[in-house]
Amino acid sequence: MASTFVRTSSLRFGGGQPRPAALEHQRKDRWWLSPLLTALGLGSFVVYATWAALQGTDYHVGQLLSPFYSPEIWGHSPHALFGPPPSWLPWPSFLPFSAAVLVLAIPGNFRLTCYYYRGAYYKAMWADPVACGVGEPRDEYRGEHKLPLILHNVHRYFLYGAIFVWFFLVHDVWKALWFPAAGGGTTFGLSVGGLLLGVNAVLLWLYCTGCHSLRHLVGGHCDEFSKNPVRFGAWRFVTSLNKRHQLYAWCSLFSVGFSDVYVRLCAKGVWHDVRIF
Amino acid sequence: MAKTTFSIFRGDSEGGQFAQYQTEVGEGMVVLDCVHQIQADSAPDLAVRWNCKAGKCGSCSAEINGKPKLMCMTRMSDLPQGEPVTLEPLKAFPRLRDLVTDVSWNFGVKQGIAKFAPRPADVQDGTWRMQQEDIDRVQEFRKCIECFLCQDVCHVLRDHRKHGEFAGPRHFVYAAALEMHPLDTADRVEALKDQEGLGYCNITKCCTTVCPEGITITDNAIIPLKERVVDRHYDPLRSLVRGVIGR
């Protein structure tokens with residue numbers, strides 16, 4: 001017997017049932033608190049990171065390099081991979097040269113296209129919707145079905161880039177563990193700054209390794225795990241981190257920002273990097 | 001026993017308004033108990049759909065204080081005490097009367113998704129062999145009771161009413177259960193992208209929040225399906241590698 005159900009192009013809502021009006025809701029909880037905190041948190045980070053990235057100064061002190069400026073492809077610090085910026089590098093005259101501008105696009109876009117952050121800032125920054133069950137202010141909606149938001153599908157490419165950058169951050173931690181010795185050479189040790197960079201690298205690893213795209217790439221695309229035990233193991237590991245992806249996203253965001261604040265204030269002489277041993 | 005005020009939507013597809021009712025609330029009562037008490041005491045014509053009273057049939061879906069919930073699983077003691085309780089029908093579907101909506105659109109959408117198509121039997125007696133780890137992931141999706149709370153809270157259906165272009169979270173869970181099944185051979189990726197509007201989902205996780213069965217809809221069903229679409233349509237490097245190695 002043929003199906004009695006037909007997929008309709010649109011449902012017939014009666015005249016007395018218009019779509020919910022902007023911000024219309026019957027919720028009695030503090031539904032506005034979560035999007036407000038998200039907007040404040042993300043907004044503060046974006047403003048600070050942009051300011052810090054455009055400074056081009058006070059981003060290193062001793063062995064410490066701000067994670068915003070790593071890897072320092074070209075620059076004026078001892079951490080620069082290829083020395084000072086070459087003359088052929090186009091740079092707007094109204095901006096001081098900043099190595100951060102050259103690399104921040106990778107981790108920045110990794111977070112911008114991250115599945116967790118997307119859901120968070122669609123709510124907090126774009127009210128799309130501002131909270132579950134609360135009416136939206138706009139009629140038109142394209143979602144991630146069309147341009148421009150369909151571009152979020154390149155998330156896995158920024159994941160590859162973020163993992164590449166992460167190795168440089170680990171190298172920065174290693175360098176931060178070696179202090180100039182009195183008689184020349186270096187000696188192993190740990191300072192608060194080095195500890196901070198280390199914690200930051202660990203949190204970024206937890207955030208990157210819990211990525212939804214990585215979860216798919218390492219094994220999620222397989223339908224028969226029993227025939228791919230290595231992929232199954234990798235998928236289970238990434239899944240275990242993915243369950244706390246939101247937590248790691250926020251912790252790593254804070255640690256990156258605070259690491260820059262710490263190095264910057266050390267470089268300005270506001271405080272000094274205390275050596276633990 | 002304390003008296004609680006209920007503000008219940010009364011009306012149909014052409015309009016309606018909230019009516020106030022008071023009823024006594026005893027220990028252990030759920031919202032559906034109160035609605036039945038109101039029906040018995042003061043509103044015998046109040047329309048409400050219900051069946052199992054155990055959170056397994058998915059019939060008594062409604063919006064309680066603005067949140068999509070099952071009335072039979074919402075304890076009165078979990079709601080703000082001393083405040084009126086607001087009850088509305090689902091907003092993503094046409095109202096029939098009072099708290100009852102016409103959710104039959106969902107059945108049509110489900111029928112449009114390619115059915116389970118198992119590979120040829122593994123052994124001569126016509127059966128298959130699967131390992132538990134192959135099926136664990138899919139079993140979560142089989143918990144769905146089709147209450148359609150996820151459909152109701154999804155802003156693509158609720159606010160933008162894209163019923164013609166978007167299947168909704170319930171059907172992405174259904175498609176994921178089939179697509180990730182170790183025996184299934186059908187390909188639903190193209191249909192998910194083009195007909196079912198997977199790209200309209202902007203991962204706000206409201207569906208996951210309201211699911212009474214605790215299915216992690218967004219992380220375990222929708223995002224993995226989005227990634228399968230990316231594999232085929234938005235990852236040129238992967239396409240190149242597959243072209244070179246011939247897989």
Side-chain angles (χ1 to χ4, degrees), chain A residues 3 5-17 19-20 25-29 31 115-116 118-120 122-123 128-129 131-136 138-146 149-150 153-157 212-213 215-217 220-221 223-227 229 232 242-243 245, chain B residues 11-16 63 65-68 80 83 86 88 91 93-95 104-105 107-109 111-112 130-131 133-134 153 155-156 158-164 179-182 184 197 199-206 209-210 218-219 223-224 226-231 233-235 237:
Chain A
S3 164
F5 294 108
V6 177
R7 175 83 179 270
T8 52
S9 59
S10 63
L11 268 186
R12 184 176 296 172
F13 287 88
Q17 195 178 352
R19 53 163 290 215
H25 69 91
Q26 295 287 344
R27 288 183 62 165
K28 294 181 177 174
D29 56 340
W31 58 266
Y115 282 104
Y116 163 67
R118 273 145 74 177
Y122 285 142
K123 279 180 172 173
D128 209 6
C132 303
V134 178
E136 283 191 33
R138 283 175 296 279
D139 289 337
E140 193 192 2
Y141 180 74
R142 298 154 72 97
E144 299 181 342
H145 197 59
K146 296 174 181 170
L149 299 182
I150 199 171
N153 286 314
V154 300
H155 180 55
R156 62 180 60 171
Y157 284 94
H212 290 87
S213 287
R215 186 183 182 215
H216 172 79
L217 291 165
H221 61 281
D223 292 337
E224 287 185 276
F225 283 138
S226 58
K227 292 183 178 173
F232 181 47
N242 181 261
K243 288 176 182 170
H245 198 46
Chain B
D12 56 23
S13 62
E14 296 309 313
E63 299 201 0
N65 286 346
K67 289 184 174 179
E83 293 181 25
T86 306
E88 293 174 279
K91 290 185 177 171
F93 302 107
R95 283 196 299 258
S104 61
W105 171 82
F107 309 138
V109 176
Q111 290 204 337
M130 288 184 290
Q131 301 303 312
E133 61 260 37
D134 294 338
V153 81
H155 70 122
V156 184
R158 180 192 184 92
D159 290 281
H160 301 292
R161 295 193 172 169
K162 291 199 176 289
H163 296 79
E179 196 64 20
M180 297 176 190
H181 197 287
D184 184 70
Y200 279 117
C201 170
N202 67 345
I203 16 181
T204 51
K205 299 196 179 184
C206 292
T209 309
V210 301
T218 316
D219 291 301
I223 293 176
K226 276 177 172 267
E227 285 294 315
R228 290 182 183 219
V229 171
V230 173
D231 277 349
H233 291 278
Y234 306 111
D235 188 350
L237 190 61

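Naming convention: chains lettered A, B, ... in sequence-line order (proteins, then strands); numbering from 1 in each chain.
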For [X], which atoms come within 4.5 Å of any heavy atom of chain B: side chain, backbone, both, or neither?
X: Leu149(A); result: neither
X: Asp29(A); result: side chain
X: Arg138(A); result: backbone
X: Lys146(A); result: side chain
X: Arg215(A); result: side chain

(Q) Pairing donors with acceptors under 3.5 angstrom, does anything connect the side chains of Trp31(A) and His25(A)? (A) yes
Q | Residues His155(A) and Glu227(B): side-chain donor-acceptor under 3.5 angstrom | A | no
(Q) On a heavy-atom basis, which atom in Gln26(A) and which in Thr86(B) lie closest, and how many Å separate them? (A) OE1-CG2, 3.7 Å
Q. Do you know the tightest heavy-atom contact between Arg27(A) and Cys132(A)?
A. NH1-O, 2.6 Å
Q.
Do His181(B) and Asp223(A) have side chains that approach each other closer than 4.5 Å (heavy atoms only, starting at C-beta)?
A. no
Q. Considering only heavy atoms from C-beta outward, does the side chain of Tyr157(A) approach that of Leu237(B) to under 4.5 Å?
A. yes
Tell me which of these, [options], has more heavy-atom pairs under 4.5 Å with chain A than the rest.
options: Val210(B), Val153(B), Ile223(B), Thr209(B); value: Ile223(B)
options: Met130(B), Glu83(B), Glu88(B); value: Glu88(B)
options: Gln131(B), Arg95(B), Lys67(B); value: Arg95(B)
options: Pro182(B), Cys201(B), Gly15(B); value: Pro182(B)
options: Val229(B), Asp231(B), Asp159(B); value: Asp159(B)
options: Pro80(B), Pro94(B), Gly66(B), Gly16(B); value: Pro94(B)

What part of [X] gets within 4.5 angstrom of chain A, counting heavy atoms only: side chain, backbone, both, or neither?
X: Asp184(B); value: neither
X: Glu63(B); value: neither
X: His233(B); value: neither

Please determine, among [options], the option with the most heavy-atom pairs under 4.5 Å with chain B.
options: Arg118(A), Gln17(A), Lys28(A); answer: Gln17(A)
options: Ile150(A), Leu217(A), Val154(A), Asn242(A); answer: Ile150(A)
options: Lys243(A), His221(A), Lys123(A), Arg156(A); answer: Arg156(A)
options: Gly143(A), Pro20(A), Gly135(A), Ala131(A); answer: Pro20(A)
options: Tyr115(A), Phe232(A), Tyr122(A), Tyr116(A); answer: Tyr115(A)

Q.
Let me confirm one number: the NE2-CZ distance from His155(B) to Arg19(A), rounded to the nearest 0.5 Å.
A. 11.0 Å
Q) Atom CG of Asp128(A) and atom CZ of Arg142(A): how far apart are they, to the nearest 0.5 Å? A) 12.5 Å
Q: Tell me, with the steps shown, if Arg228(B) and His216(A) meet side chain to side chain contact (heavy atoms under 4.5 Å, CB included).
A: CA-CA 8 Å; Arg228(B) 290 182 183 219; His216(A) 172 79; 3.7 Å; yes
Q. Any sub-3.5 Å donor-acceptor pair from Tyr200(B)'s side-chain atoms to Tyr141(A)'s backbone N or O?
A. no
